[in-house]
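To start, the structure itself, in structure tokens.
Naming: A, B, ... by sequence-line order, numbering from 1 per chain. Heavy atoms only: backbone and side chains are in, while hydrogens, waters and symmetry mates are out.
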Amino acid sequence: MKLKVFSAPYLIWMAVFIVVPLLMVVYFAFTDDAGHFTMQHISDVGQYANIFVRSVWLSLVATAVCLVMAYPVSFMLSRMDKHRQGTMLMIVMLPMWMNFLLRTYAWMTILGNNGILNHLLSLVGLGPYKFINTSGAVVLGMVYNYLPFMILPLYSVMVKIDHSLLEAASDLGCSSRSTLLRVVLPLSVPGITSGITMVFVPAISTFIISRMLGGGSNLLIGDLIEMQFLGNAYNPHLGAAISLVLMVMILLIMTLMNQFDPDEQVLM
Amino acid sequence: MLKKLLSAAAALVLFAGTCTACSAAPSDAPEEEAEEETEEQTLTIEDPDYYTRFRGKNISINVYNWGEYISDGADEGTLNVNLEFEKLTGITVNYTNYATNEEMYAKLKGGGTAYDVIIPSDYMISKMIREKMIQPLNFDNIPNYRYIMDNFRGQGYDPDNEYSVPYTWGTVGIIYDTTMIDIPKEDIDWDLLWNPDYADQILMFDNPRDAFAIAELTLGFSINTEDTDELEQAAFKLFQQKRIVQGYVMDEVFDKMEAGDALIAPYYAGDALTMLENNDSLDFVIPKSGTNLFVDAMCIPSTARQKEAAEMYINFMCEPDIAFANIDYICYSTPNSAAYEMLDEETRESPVCYPDEDFIADKTTVFVSLSEEANRKMQDLWTEMKSAEDEKTNKWITPVFLIVCIAMTIFVLIHRKIKEKKDIF
């Protein structure tokens, strides 16, 4: 009973800064300038289908790349001795000590037509290639920025897998491949699902990455929402409607994800 | 040993990262100027008595201005305008910044704030007049309005001169790399931005109003057109250009042009000067077929609490010495005749900052606010243009996707329920 009192500050915080704003988003999405009920804005969202498709696609690709890159790294990390684990984890976290905007800004100079990468390539007689302002650059930006969010949950689940389980598997004649598939993989499912959630959700709603690395012509949903508020036409109702559709979409995808995880209800 | 090596490597990475970040940060503060003019700028007020009315009354005003848009005394010998105002009048100035007109508008529209002085651009002023968000000024309290040049009075955005006092102005032109583009300067026109020879070397405005204006100028339409057909033609023109555009940018243009990442970009004259200073091979030209003239002017929102003090601030900003200090810092052009006289000859003759008066009168147009409908039409066309790359996606795809997601979730849930029941028995 006593513990409930201590959770009061956060409960109040949640009510004022999460629940109320969400209700306001819903209210704005379903009303027009005069405050009357309308479905117009929600149905208008349909015309931006291609932007939704692109956002979902790019963030799925980024999530997949993160997973493929992070899985072996996390496994390797979890099998190292304790001292080295600390150092390696610190290196994983290192980029996050610097502001997200600055890091993305740095990529702009690296990938530019006269940027560092093209400069290096020209030294060996290659290029110049067009790196920046492509959807590939946007995916790269997402992967770079969100990779730690994939590694950390995977690592924290894998580090709990007892080494004796792996030994037992090989004692009983498991090849290293089937040890991975039938022992490590099933045990790391909770890490995979929460890693996917933590990468996919910020990736699908990002807007600054596509602006900086996509050259403004790889619009994502985040850009679209930003344009409704700070663009030429101030249209908070449409902006709220797009946000609402996005939230419902993410919610559904997450519910679907959770079905693959039999024991734990991840992040919901 | 390995651990040491690793931490050394980590430190190196961090250091390198910081360096890139630093060199990448936009450097728009012109630092060299201070060295050229070491003489201290002095402040003479013609009628100091005017400013004494609020002394000792402990009043404060909230000023909301663009970033880097006032002389702050950071360079040696320049004036800190807000501090001088506080010293002179005893009124405290709470000074805050915004980055775009739209940001400022959204903040004022959202309510809950009380600013006393704002400095929006032309089209935003006419929009705010229409929505009664700014109030008429009492020009008896702004005697220094007499310094404002005639060409900047009675402009389209405030035809009766009731609401605004011009602060700065400038034009939009093309910044280009002279080493790579060998077209004579006087022949350059807006069609350079559509020239396929420079494919992938062209930058474009990342805001619909400025981008549409350029398309409309090449097509010979008014930049204030609200005609749906003309807007659609302009959008099509921009769509044709999209193929050869390297990127749509705003302030990123500084880095990209200075580093030579792109050869051609349209931008504002005052900012072009900064880029020219940092890269010698760049030049700036105002296209001969005409351009957009922008004016930023001081206004008082309807929600202001200290109208008279705000008018005093506006008057102070029009003092010749203050106007000069500001324009010297900002590098835009001044509408204040007294400050203009104080500029050195080189600046006064500069075709970038002060183009020929006849050209200004005949070939430049000031933005006025478009109707709500035209604005939304433009925004829609712009979004469509920017995302048009891929083939038309069916507009039902989002709802269908949502329904499929719901169906799958329900299916999985039912499947699990059935399985659970089986397990029990």
Side-chain angles (χ1 to χ4, degrees), chain A residues 33 45-54 56 83-84 87-88 90-91 94-95 97-99 102-103 105-110 112-116 130 132-133 211-212 214-219 223-224 227-236 238 245 248-249 252-253 255-256 259-260 262, chain B residues 2-3 6-7 10 13-14 17-18 20-21 23-25 100 102-103 105-106 109 200-201 204 206-209 242 245-249 252 255-256 259-262 372 375-376 378-380 382-384 386-387 389-390 392-399 401-402 405-406 408-409 412-413 416:
Chain A
D33 285 335
V45 176
Q47 69 194 23
Y48 302 116
N50 53 350
I51 298 176
F52 272 83
V53 171
R54 185 193 292 122
V56 173
H83 292 294
R84 282 223 216 141
T87 322
M88 292 300 275
M90 195 195 79
I91 293 177
L94 202 66
W97 296 357
M98 223 183 314
N99 183 285
L102 284 180
R103 281 183 279 142
Y105 218 105
W107 272 110
M108 237 166 79
T109 26
I110 295 173
N113 286 352
N114 284 345
I116 297 166
K130 183 182 161 87
I132 202 159
N133 304 340
R211 164 136 9 125
M212 283 181 163
S217 50
N218 284 288
L219 282 188
D223 300 285
L224 195 62
M227 273 161 108
Q228 305 312 319
F229 290 92
L230 297 177
N232 207 32
Y234 179 68
N235 195 350
L238 183 58
V245 172
V248 171
M249 237 165 75
L252 284 174
I253 294 173
T255 334
L256 209 56
Q259 307 309 323
F260 294 104
Chain B
L2 185 68
K3 211 173 165 188
L6 273 176
S7 47
V13 169
L14 192 69
T18 331
T20 341
S23 65
T100 64
E102 285 69 25
E103 183 190 333
Y105 175 84
K109 194 80 180 172
D200 213 28
Q201 297 292 348
M204 192 65 184
D206 192 18
N207 89 53
R209 193 73 209 262
K242 192 181 173 187
V245 167
Q246 187 191 90
Y248 295 88
V249 295
E252 294 95 328
D255 283 339
K256 299 209 180 217
D261 265 351
E372 203 76 343
N375 255 331
R376 291 202 173 160
M378 187 185 270
Q379 185 73 46
D380 285 348
W382 174 251
T383 318
E384 203 178 300
K386 276 183 62 171
S387 59
E389 204 165 18
D390 10 28
K392 268 267 175 268
T393 337
N394 194 324
K395 74 170 201 169
W396 292 106
I397 200 154
T398 321
F401 178 77
L402 289 181
C405 276
I406 295 174
M408 277 170 72
T409 317
V412 174
L413 277 175
R416 270 178 60 185

Which answer fits Ala106(B), side chain, backbone, both or neither, if we ask what part of it has an atom under 4.5 Å from a heavy atom of chain A?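 Contact with chain A involves both backbone and side-chain atoms of Ala106(B).
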
Which bit of Met408(B) comes within less than 4.5 Å of chain A, counting heavy atoms only: side chain, backbone, both or neither?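 Both backbone and side chain of Met408(B) come within 4.5 Å of chain A.
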
Please test Gln47(A) against Glu384(B) for side chain to side chain contact (heavy atoms under 4.5 Å, CB included), starting from the C-alpha separation and ending with a verdict. CA-CA 9 Å; Gln47(A) 69 194 23; Glu384(B) 203 178 300; over 6 Å; no

Measuring from atom CD1 of Ile132(A) to atom CD of Glu252(B), what distance do you get when rounded to the nearest 0.5 angstrom?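 Reported to 0.5 Å precision, the distance equals 9.5 Å.
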
Do you know which two heavy atoms are closest between Lys130(A) and Gln246(B), and how far apart they sit?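 For Lys130(A) versus Gln246(B), the nearest heavy atoms are NZ-O, 4.3 Å.
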
Can you give me the closest heavy-atom contact between Leu230(A) and Glu103(B), atom names plus distance?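 For Leu230(A) and Glu103(B), the tightest heavy-atom pair comes out as CD2-CA, 3.7 Å.
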
Out of Asn375(B), Asn207(B), Asp261(B), Thr383(B), which one racks up the most heavy-atom pairs below 4.5 Å with chain A?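 Highest number of heavy-atom pairs under 4.5 Å: Asp261(B).
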
So which of Asp223(A), Val56(A), Asn113(A) has the largest heavy-atom pair count under 4.5 angstrom toward chain B?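 Most pairs with chain B among the choices: Asn113(A).
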
Walk me through whether Leu238(A) and Arg376(B) qualify under side chain to side chain contact (heavy atoms under 4.5 Å, CB included). CA-CA 11 Å; Leu238(A) 183 58; Arg376(B) 291 202 173 160; over 6 Å; no

